[in-house]
J.: 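Let me begin by handing over the structure; questions about it come next.
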Amino acid sequence: MNGQANTTTAPKWLLWAGVLFLLWNLIGVAAFASQWSMSADDIGKLPPEQRDLWLAMPGWAWAAYAAGVLLGTLGAIGIVLRKWWAPLAFAFSLIAIIVQFSHPFFYLQQNKGDMAMLGFPIFIIVMAIIQWQLARAWQRKGWLA
């Protein structure tokens with residue numbers, strides 16, 4: 001699994017894929033920082049349903065959010081550096097993202113909210129799955145050492 005992979009045959013575009021993954025995940029870090037630091041005035045300006053969802057977000061969902069973006073960023077750095085552990089970081093990121101978004105799913109379902117609000121979270125989950133699966137494939141090809 002580690003140390004034995006032949007990384008000399010990795011294509012040049014692998015670095016660019018890693019950089020794109022890194023940019024995507026850094027956007028997630030920025031979104032977390034922005035949302036974490038929202039003032040009461042900022043929260044008050046949100047549409048009512050979004051504001052209520054925001055105010056109901058428990059600490060465990062915030063922790064999962066932080067873990068998801070940080071582990072995704074670590075996985076992307078792993079791709080850039082061609083490290084064997086990148087798929088593992090992406091797998092744990094995916095788990096954290098699913099945990100994070102379980103809160104709005106159950107909150108909206110329980111409060112008969114607009115389930116269309118889950119469109120972007122579903123997109124984020126799909127992106128996490130793609131990153132994890134691509135990293136696994138690249139690891140199997142021996143491009144990650």
J.: How many angstroms lie between atom CG of L144 and atom CG of L14, to the nearest 0.5 angstrom?
T.: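 The distance works out to 6.5 Å.
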J.: Between F90 and W24, is the ring centre distance below 6.0 Å?
T.: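 No; W24 has its ring centre 6.0 Å or more from that of F90.
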J.: Using a cut-off of 6.0 Å, state whether more than 12 heavy atoms not belonging to W60 lie near its atom CH2.
T.: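 For W60, atom CH2 is crowded (more than 12 foreign heavy atoms under 6.0 Å).
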J.: Can you get from I124 to L134 by hopping between Ile, Leu, Val, Met, Phe, Trp and Tyr side chains that sit under 4.5 Å apart?
T.: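 They do share one cluster, since a chain of ILVMFWY contacts under 4.5 Å joins I124 to L134.
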J.: Kindly work out whether a path of hydrophobic side-chain contacts (I/L/V/M/F/W/Y, heavy atoms less than 4.5 Å apart) joins M117 to F106.
T.: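 Same cluster: M117 reaches F106 through Ile, Leu, Val, Met, Phe, Trp or Tyr contacts under 4.5 Å.
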J.: Do any pairs count as a salt bridge (charged side-chain N to carboxylate O under 4.0 Å, His left out) and have a residue in residues 42-69, sequence neighbours left out, and if so which ones?
T.: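 Salt bridge (charged side-chain N to carboxylate O under 4.0 Å, His left out) check on residues 42-69 returns D41-K45.
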J.: Should W85 and L74 count as side-chain neighbours, where that means a heavy-atom distance under 4.5 Å?
T.: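 They are in side-chain contact.
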J.: Quick one: CG on L22 to CG on L15, what's the gap to the nearest 0.5 Å?
T.: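 The distance works out to 10.5 Å.
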J.: Examine distances only and state if a side-chain atom of S34 and a backbone atom of A31 form a donor-acceptor pair shorter than 3.5 Å.
T.: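 Answer holds: no.
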J.: State the CD-CG distance between Q131 and L94, to the nearest 0.5 angstrom.
T.: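 Reported value, rounded in 0.5 Å steps: 10.0 Å.
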J.: Spell out, yes or no, whether L108 and F105 are grouped together once hydrophobic residues are joined by side-chain heavy atoms under 4.5 Å, including indirect joins.
T.: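 Per the 4.5 Å side-chain linkage, L108 and F105 are co-clustered.
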J.: Could you state the interatomic distance from CE (M57) to OH (Y107), rounded to the nearest 0.5 Å?
T.: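 Rounded to the nearest 0.5 Å, the CE-OH separation comes to 13.0 Å.
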J.: Grouping I, L, V, M, F, W and Y whenever their side-chain heavy atoms are under 4.5 Å apart, do I79 and I27 come out in a common cluster?
T.: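 I79 does not cluster with I27.
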J.: If you compare all heavy atoms of G78 against all heavy atoms of A86, which two are closest, and at what distance to 0.1 Å?
T.: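 Minimum heavy-atom contact is C-CB, 3.8 Å.
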J.: Taking side-chain contact (heavy atoms from CB on, under 4.5 Å) as the test, write out the residues that go with Q100, two or more places apart.
T.: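 side-chain contact (heavy atoms from CB on, under 4.5 Å) check on Q100 returns A64, Y65.
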J.: Restricting to pairs with a member in residues 103-122, which pass salt bridge (charged side-chain N to carboxylate O under 4.0 Å, His left out), not counting sequence neighbours?
T.: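 Salt bridge (charged side-chain N to carboxylate O under 4.0 Å, His left out) check on residues 103-122 returns no pairs.
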J.: Less than 4.5 Å apart, side chain to side chain, heavy atoms only: is that true for H103 and W62?
T.: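 H103 does not reach W62 side chain to side chain.
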J.: Side chains of W138 and P87: closer than 4.5 Å at any heavy-atom pair?
T.: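 A side-chain contact under 4.5 Å is absent here.
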J.: Which value, rounded to the nearest 0.5 Å, describes the distance between I125 atom CD1 and L118 atom CG?
T.: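 Answer for the CD1-CG pair, I125 versus L118, is 8.5 Å.
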J.: Is the backbone N or O of V69 less than 3.5 Å from a side-chain atom of T73, with the two atoms forming a donor-acceptor pair by type?
T.: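 Confirmed, T73 side chain pairs with V69 backbone.
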J.: Please check if atom CZ in F92 has more than 12 non-hydrogen atoms from other residues, nucleotides or ligands closer than 6.0 Å.
T.: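 12 or below, so no.
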J.: Is there a path of hydrophobic side-chain contacts, each under 4.5 Å between heavy atoms, that joins W132 and F123?
T.: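 Yes, it is one cluster - the side chains of W132 and F123 are joined through contacts under 4.5 Å.
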J.: Calculate, to the nearest 0.5 Å, the distance between atoms CD1 and CZ belonging to I130 and F21 respectively.
T.: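 It comes to 8.0 Å.
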J.: Would you say the side-chain atoms of S37 pair up with the backbone N or O of A33, donor to acceptor, closer than 3.5 Å?
T.: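 Yes: the side chain of S37 pairs with the backbone of A33.
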